[in-house]
Protein chains: 2
Amino acid sequence: MPEDGKPLGGHIKVTREDWLAAALHVLIHDGVDQVKVLTLSARLGVSRSSFYWYFGNRQDLLDALLDHWQNTNTAALIAQAETPARTVTAAICNVHKCVVNTELFDTALDFAVRDWARRSDKVRRALDLSDARRLAALAEMFRRYDYPRSEAEARARVLYFMQIGYDLAQLGETPQQRLRFAPDYLQVFTGRDPDPEALEDFRAYTAQYWTLDEDGART
Amino acid sequence: MPEDGKPLGGHIKVTREDWLAAALHVLIHDGVDQVKVLTLSARLGVSRSSFYWYFGNRQDLLDALLDHWQNTNTAALIAQAETPARTVTAAICNVHKCVVNTELFDTALDFAVRDWARRSDKVRRALDLSDARRLAALAEMFRRYDYPRSEAEARARVLYFMQIGYDLAQLGETPQQRLRFAPDYLQVFTGRDPDPEALEDFRAYTAQYWTLDEDGART
DNA sequence: GAAAATCTGGACAGAAGTGTCCAGAATTTG
DNA sequence: CAAATTCTGGACACTTCTGTCCAGATTTTC
């Protein structure tokens, strides 16, 4: 049975991707220090020896995790920032959509890496570089809507760090639930009158995450 | 020599506070998982046995660290939010001063606890409670300057999470260095014309952290 | 200054993790 | 289907950390 990779005998087969997926899960939920060969092998129901076929050692796995992060989140956010939109409001809504959409951007992974960076110089450098690139892309986005350079940079910082801080604090909400508040912030982010059309579009997009209570208020 | 607690013999005496201080340092710089009895004893130049005189086990130490955090940062921020100021701008400047002033508020500790909360339900609950209290205090602060309730709450979130995200991202700057940018954000935070007097006061306060380059620009 | 209370060092037992080696199971190739 | 390749299980050696016990050093008390 080579198809499903799970033959009948006592030997259970796993792929390199299985190890990576398990490591990613533990990294996000429990932090780097908990990404251990022993723990992962238990999760996968396989012996530790298998791990050393796919990876030289634990550090190789950690390096692979960092690579994975670099090739996903940062690329997605920058691509979104560079996508043209009709108004600033619309552009900001799109950035919000991107960060909330777990297909494109894994918020939890981003924070796990941020934690990790506090303990590893290598990760710290990778993160600093990514932050700088993301900020530059966002500043450039504001620039396209005729904000002066210094204001564009300031607003990029507000938008980016606000997003970060928001998710970091968590407050028991999921990223989707937090979207409820996003429309309220749009004017704060732009410093201009909101674009009603973009606002309505965003409201429609985020509506799928809302539920209405008895008074009709968003909850 | 009971005074300095460092007698001549091979026995080196440490206090419970020494253990706590060492643990705090490791918690901030390396994360909870690195707060180990063995590591701390090495830092203090004392044997592990001493630790078990002051603490029942490792978990007791961690509990003490959480207590310490609860009795410092949250109290300081709330007290500052409740202190009257002439204008919103001035009030926000004071909050900034409080968070930056390491005597009152240990930013690094706050983030270490935030990391920790991702791995411990007990810490998670303590953090959620503190965040809610801090946010409520900040919203109340905006309320005193005649913002409608919903806007006051939104602005409290922007201010609080912005501060958090700002520090989290770090970007190689110290909290003090980051103060340079604060005046640029004041209008974003208030949505009103800045109070020039408060602004000037804040500028003077933060000036001590600036250095001027050859062109006279803040660096 | 002797007795009592405090505190530390060192030895011991054990849990948990890493990395290596190699027989041999499972799969693919010829 | 036999041979070659790919991958896993189990045993071994080693390291790091936790927690316990207790003799005895140090300080405090009377």
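In the text below, chain A, chain B and the rest are named by the order of the sequence lines, each starting its count at 1. Fair warning: this is a prediction, and the values are worked out from it, not measured in the lab.
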Participant: Is the distance from OP1 or OP2 of C:dT8 to the nearest side-chain N or O of B:Ser50 less than 4.0 Å?
Facilitator: yes

Participant: Can you check the B:Leu40 CG to D:dC17 P distance for me, whole Å?
Facilitator: 11 Å

Participant: Take the protein atom CH2 of A:Trp19 and the nucleotide atom P of D:dC7, then report the distance between them rounded to whole Å.
Facilitator: 14 Å

Participant: Identify whether the distance between the nearest side-chain nitrogen and carboxylate oxygen of A:Arg114 and A:Asp131 falls below 4.0 Å.
Facilitator: yes

Participant: On DNA chain C, nearest-nucleotide positions of B:Thr15 versus A:Leu38: which is more 5'?
Facilitator: B:Thr15

Participant: Look up atom CG in B:Asp30 and atom OG1 in B:Thr39, then write down how far apart they are to the nearest 0.5 Å.
Facilitator: 8.5 Å

Participant: Taking the basic N atoms (NZ, or NE/NH1/NH2) and the acidic carboxylate oxygens, is any pair closer than 4.0 Å for B:Asp128 and B:Arg124?
Facilitator: yes

Participant: Rounded to whole angstroms, how far apart are OH on A:Tyr52 and P on D:dA11?
Facilitator: 17 Å

Participant: Between C:dC7 atom P and B:Asp18 atom CG, what is the distance in whole Å?
Facilitator: 12 Å

Participant: Identify the heavy atoms of A:Trp19 and A:Ser50 that sit nearest to each other, and give their distance.
Facilitator: NE1-OG, 3.6 Å

Participant: A:Val14 side chain: which of D:dT8, D:dT18, C:dT18 is closest?
Facilitator: D:dT8

Participant: Check this for me: does the side-chain of B:Ser49 come within 3.5 Å of the base of D:dG19 through a donor and an acceptor?
Facilitator: no

Participant: Please state how far atom NZ in B:Lys36 lies from atom C1' in D:dG19, giving the value in whole angstrom units.
Facilitator: 16 Å

Participant: Between B:Phe51 (CZ) and D:dC17 (P), how many Å, whole number?
Facilitator: 14 Å

Participant: Do you know which two heavy atoms are closest between B:Asn71 and B:Ala75, and how far apart they sit?
Facilitator: O-CB, 4.4 Å

Participant: Measure from CZ on A:Arg48 to C1' on D:dA11 and round the result to the nearest Å.
Facilitator: 11 Å

Participant: Report the residue (B:Thr39 or A:Ser47) whose heavy-atom-nearest nucleotide on DNA chain D is the more 5′ of the two.
Facilitator: A:Ser47

Participant: Using a cut-off of strictly less than 4.0 Å between a heavy atom of the residue and any atom of DNA chain D, enumerate the qualifying residues of residues 53-66 of chain B by number.
Facilitator: B:Asn57, B:Arg58

Participant: Expressed in angstrom and rounded to an integer, what is the separation of B:Asp33 atom CG from D:dT16 atom P?
Facilitator: 18 Å

Participant: What closest approach, in Å, do A:Ser130 and A:Trp69 show between heavy atoms, and which atom pair accounts for it?
Facilitator: OG-CH2, 3.5 Å

Participant: Closest approach of A:Ala152 and A:Phe142, non-hydrogen atoms and distance?
Facilitator: CB-CB, 3.7 Å

